[in-house]
Visitor: 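Take a look at this one; I'll ask things after.
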Amino acid sequence: MIVINHRSKYFLFFVITFGLGLIYFYSVSYFFIFDDTSIVTKGAQLSIGKIVSQPLAGFYRPACFILAKIEYLLFGWQYPGGYSIVTILAHCASTLIFYYLLLEFGFDATAATISSLLFLASAWAAETIFWMSCQFDIFSVLFGLSSSLLLAIFIRNKNNSILIISVLLYITALLFKENAIIFSFLLIIIITLRLRDNCLSSFRESIITFSPFILATVLYLMFRSIILPNFNGAYGNISTLYQQANIIENIKLYLETLLFLNNSKFFYRIQILSCFYTIGAIILLLIAIRKPKIYIILLILFFFSIMPVIWAPVNPETTAGGRLLYAPGLLWSAFLGLGASELINYCAKLKKIINRKIGRFLAFSSVFILILVVFASTISQIRLWRFSTELARNIIDYTFSLPYDSHLYIHITNLPSGTIQGPYLLKSYNLIHHMWGTGRKFNGHISAETVLISVFDPDINLPNGPDIFGIHRTHRNEFEVSLPLEKLRPTIKNLSP
């Protein structure tokens with residue numbers, strides 16, 4: 001049963017306040033970057049029938065394009081910030097659901113609160129929060145968590161309506177991103193735990209309870225295989241991706257990204273804070289072993305959460321690829337929250353009063369500082385992403401101010417495709433999408449040579465090759481554009497939260 005008590009009111013207030021802070025300091029000034037325009041144009045232009053009946057952008061994730069259609073009706077092309085606000089609100093909602101789901105799992109209020117706060121910050125996966133294109137991940141997790149929580153409630157209350165809603169939410173999670181299939185393992189564990197607690201009277205009853213989810217998963221995989229045969233996707237065949245990947249190295253990179261908030265994770269590169277977080281996280285992971293049953297469950301879930309993405313490497317030094325750690329970050333946060341709670345509870349049971357008081361103070365202080373560091377990292381990354389979105393806006397505005405014939409070939413000699421700190425910028429087709437979105441007539445083509453730039457150093461412009469998403473350069477009736485990037489760069493001091 002979900003109860004809002006005195007402690008949870010403070011937690012709820014903090015989540016709402018943090019979400020409003022992100023909206024004010026980031027979302028209201030958001031501008032479309034990279035894949036954003038592709039998602040929005042496809043959602044706006046295609047009918048729902050076409051969205052659900054074909055792969056888009058190499059994936060079969062129709063729910064996100066339907067969401068983009070709804071968002072376009074609400075915000076149009078003129079207010080990108082609305083799309084970011086939806087993302088932030090969904091992330092905050094996931095945090096609250098995660099909190100109550102942990103309580104259902106047997107976490108005490110302290111462990112659930114700390115775990116949820118760490119997930120709210122998600123410094124290791126801030127890309128997911130700050131990039132609208134990550135709504136695939138955001139909403140897949142939101143609906144997956146919601147489904148799991150409702151299943152836990154159903155098993156206790158035996159209300160069939162709740163079970164039906166739980167199944168529908170699970171299906172919705174799958175339609176946002178296929179990786180949501182990992183939540184089926186979470187559902188199995190919930191049922192197993194409830195069976196142990198005698199909420200389910202027999203193993204047969206647990207099979208009957210889980211059978212709608214099995215059926216939904218099978219039907220989804222069958223239908224998806226018709227749309228995208230052989231488990232193909234935008235990056236290729238899944239079996240080929242696993243065969244070509246260095247799985248051991250990728251696991252190392254994932255753990256390194258979770259354990260070390262390096263360089264770009266702090267705008268001013270405050271490495272001492274990163275060291276404190278790393279040492280604290282390792283200690284809490286070790287202390288969490290004091291709860292072996294929950295620890296093993298979390299290990300199993302963490303393993304399944306990284307399995308769908310482990311073929312893709314991440315870069316611990318930048319923010320890029322953080323979306324791959326958004327769902328695994330749930331389990332990572334739960335590990336740390338569990339360890340923090342055990343540390344605090346251990347200190348509270350020390351025999352001598354003076355030792356107990358000092359121990360509790362040190363435990364609370366250490367955990368508080370660790371949480372503070374994670375939030376400091378997330379807040380620092382706001383500036384990186386605001387730099388990216390502001391620069392993208394400036395480039396679009398500058399390009400549209402130039403005189404050009406709507407039938408010409410446009411070639412950009414230095415289009416920034418991203419920053420070396422991680423945040424993405426532009427592809428050549430973004431300009432075409434912006435022309436469509438703003439009602440400009442353009443029947444020509446755009447090609448570009450791309451560069452990588454630095455948020456910190458305006459002199460860094462690293463050649464990154466031709467834009468593979470544009471056309472090949474033709475030199476026919478060509479209008480060549482060299483962007484004055486130094487003038488278009490937003491100033492860092494103007495990006496402070």
Side-chain angles (χ1 to χ4, degrees), residues 2 11-12 14-16 18-20 22-23 27 39 43 59 61-71 74 82-105 112 115-122 124-154 162 164-187 190 213 216-217 220 301 304-305 308-309 322-334 378:
I2 296 177
F11 174 69
L12 177 62
F14 182 83
V15 172
I16 293 174
F18 183 72
L20 291 176
L22 291 181
I23 289 171
S27 294
I39 294 172
F59 298 105
R61 299 170 181 175
C64 197
F65 292 97
I66 294 173
L67 173 63
K69 177 179 284 292
I70 296 171
E71 290 173 313
L74 293 173
Y83 299 79
S84 179
I85 290 173
V86 170
T87 303
I88 300 297
L89 292 177
H91 174 62
C92 291
S94 291
T95 300
L96 294 174
I97 295 169
F98 182 49
Y99 170 79
Y100 287 108
L101 184 59
L102 289 176
L103 294 178
E104 289 286 341
F105 255 85
S115 301
S116 302
L117 286 174
L118 292 172
F119 175 69
L120 178 64
S122 288
W124 43 81
E127 171 185 88
T128 324
I129 305 170
F130 297 134
W131 186 24
M132 172 254 163
S133 291
C134 292
Q135 287 186 347
F136 296 109
D137 304 88
I138 289 280
F139 280 89
S140 175
V141 167
L142 172 61
F143 285 102
L145 288 174
S146 302
S147 173
S148 302
L149 179 59
L150 286 181
L151 176 63
I153 294 172
F154 160 76
I162 294 178
I164 293 171
I165 296 173
S166 176
V167 174
L168 292 176
L169 290 174
Y170 173 65
I171 294 171
T172 306
L174 291 172
L175 294 177
F176 267 103
K177 192 170 184 178
E178 58 281 354
N179 295 10
I181 203 167
I182 63 172
F183 283 101
S184 62
F185 297 99
L186 178 58
L187 301 174
I190 290 173
F213 298 96
T217 304
Y220 164 78
L301 288 173
F304 282 112
S305 72
V309 294
R323 63 191 181 280
L324 303 177
L325 290 171
Y326 186 66
L330 290 164
L331 290 314
W332 180 258
S333 300
T378 302

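Positions are given from 1 along the sequence.
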Visitor: Parallel, tilted or perpendicular for W332 and W124, by the 30°/60° rule?
Guide: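 The arrangement is perpendicular - the two ring planes meet at more than 60°.
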Visitor: Using a 4.5 Å cut-off on heavy atoms from C-beta on, say whether the side chain of I16 contacts that of F11.
Guide: no
Visitor: Parallel, tilted or perpendicular: which one describes the rings of F59 and F136, with boundaries at 30° and 60°?
Guide: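 Answer is tilted, since the angle falls between 30° and 60°.
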Visitor: Would you name the heavy atoms of G322 and A125 that are closest together and state the gap between them?
Guide: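 For G322 versus A125, the nearest heavy atoms are O-CB, 3.1 Å.
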Visitor: For the residue pair L175 and I66, establish whether any side-chain heavy-atom pair is separated by less than 4.5 Å.
Guide: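 With C-beta onward as the side chain, the pair stays apart.
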Visitor: So, using ring pair (Phe, Tyr, Trp, His ring centres under 6.0 Å) as the criterion, who are the partners of Y220 when residues are at least two apart?
Guide: none
Visitor: So, using side chain to side chain donor-acceptor pair (under 3.5 Å) as the criterion, who are the partners of S166 when residues are at least two apart?
Guide: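 With sequence neighbours excluded, S166 shows a side chain to side chain donor-acceptor pair (under 3.5 Å) to S147, given in chain and number order.
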Visitor: Decide yes or no on side chain to side chain contact (heavy atoms under 4.5 Å, CB included) for I164 and L168, but give the supporting numbers first.
Guide: CA-CA 6 Å; I164 293 171; L168 292 176; 4.1 Å; yes
Visitor: Any idea which heavy atoms bring A63 and T172 closest together, and the distance?
Guide: CB-O, 4.3 Å
Visitor: Within the structure provided, determine whether C92 and L120 are in side-chain contact (heavy-atom separation under 4.5 Å).
Guide: yes
Visitor: May I ask you to test the I181-F304 pair for a side-chain heavy-atom distance under 4.5 Å?
Guide: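 No, side chains not in contact.
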Visitor: For the backbone of S333 and the side chain of S115, can you confirm whether one donor and one acceptor N or O come within less than 3.5 Å of each other?
Guide: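 Flag set: sc S115 to bb S333 pair under 3.5 Å.
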Visitor: Please check if the side chain of T87 supplies one atom and the backbone of Q135 the other of a donor-acceptor pair under 3.5 Å.
Guide: no
Visitor: Which heavy atom of E104 sits nearest to which heavy atom of A152, and what is that distance?
Guide: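 Of all heavy-atom pairs spanning E104 and A152, the closest is OE1-CB, 4.0 Å.
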Visitor: If the test is ring pair (Phe, Tyr, Trp, His ring centres under 6.0 Å), which one of Y326, F18, Y99 qualifies with F119?
Guide: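 Going through the options one by one, the only one that passes is Y326.
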Visitor: If you define the side chain from C-beta out and look only at heavy atoms, does anything of L149 sit under 4.5 Å from F98?
Guide: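 Of all side-chain heavy-atom pairs linking F98 with L149, none is under 4.5 Å.
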Visitor: Measuring only between side-chain heavy atoms, which start at C-beta, is I165 closer than 4.5 Å to F154?
Guide: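 No - every pair of side-chain heavy atoms lies 4.5 Å or more apart.
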Visitor: Check the pair M132 / S84 against side chain to side chain contact (heavy atoms under 4.5 Å, CB included), numbers first and verdict last.
Guide: CA-CA 6 Å; M132 172 254 163; S84 179; 5.6 Å; no
Visitor: Could you measure the distance from the CG atom of L324 to the OG1 atom of T128? Nearest 0.5 Å is fine.
Guide: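 Here the interatomic distance stands at 8.0 Å.
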Visitor: Does F143 have its ring centroid less than 6.0 Å away from the ring centroid of F176?
Guide: yes
Visitor: For a side chain to side chain contact (heavy atoms under 4.5 Å, CB included) check, start with the C-alpha distance between S116 and L102, then their side-chain angles and the critical distance, and finish with the verdict.
Guide: CA-CA 9 Å; S116 302; L102 289 176; 4.2 Å; yes
Visitor: Any side-chain heavy atom of P308 sitting closer than 4.5 Å to one from E178?
Guide: no
Visitor: Going from CG on L325 to CG on L331, what distance comes out if it is rounded to the nearest 0.5 angstrom?
Guide: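 Between L325 CG and L331 CG, I get 11.5 Å after rounding to 0.5 Å.
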Visitor: Which heavy-atom pair separates S27 from I88 by the least distance, and what is that distance?
Guide: OG-CG1, 3.4 Å
Visitor: Are V86 and F139 close enough that some pair of their side-chain heavy atoms sits under 4.5 Å apart?
Guide: yes
Visitor: Do S122 and H91 pass the side chain to side chain contact (heavy atoms under 4.5 Å, CB included) test, and can you show the C-alpha distance, the side-chain angles, and the key distance before you say yes or no?
Guide: CA-CA 10 Å; S122 288; H91 174 62; 4.0 Å; yes
Visitor: Indicate the atoms forming the closest heavy-atom contact of V141 with A327, along with that distance.
Guide: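 Shortest heavy-atom separation between V141 and A327 comes out as CG2-CB, 4.0 Å.
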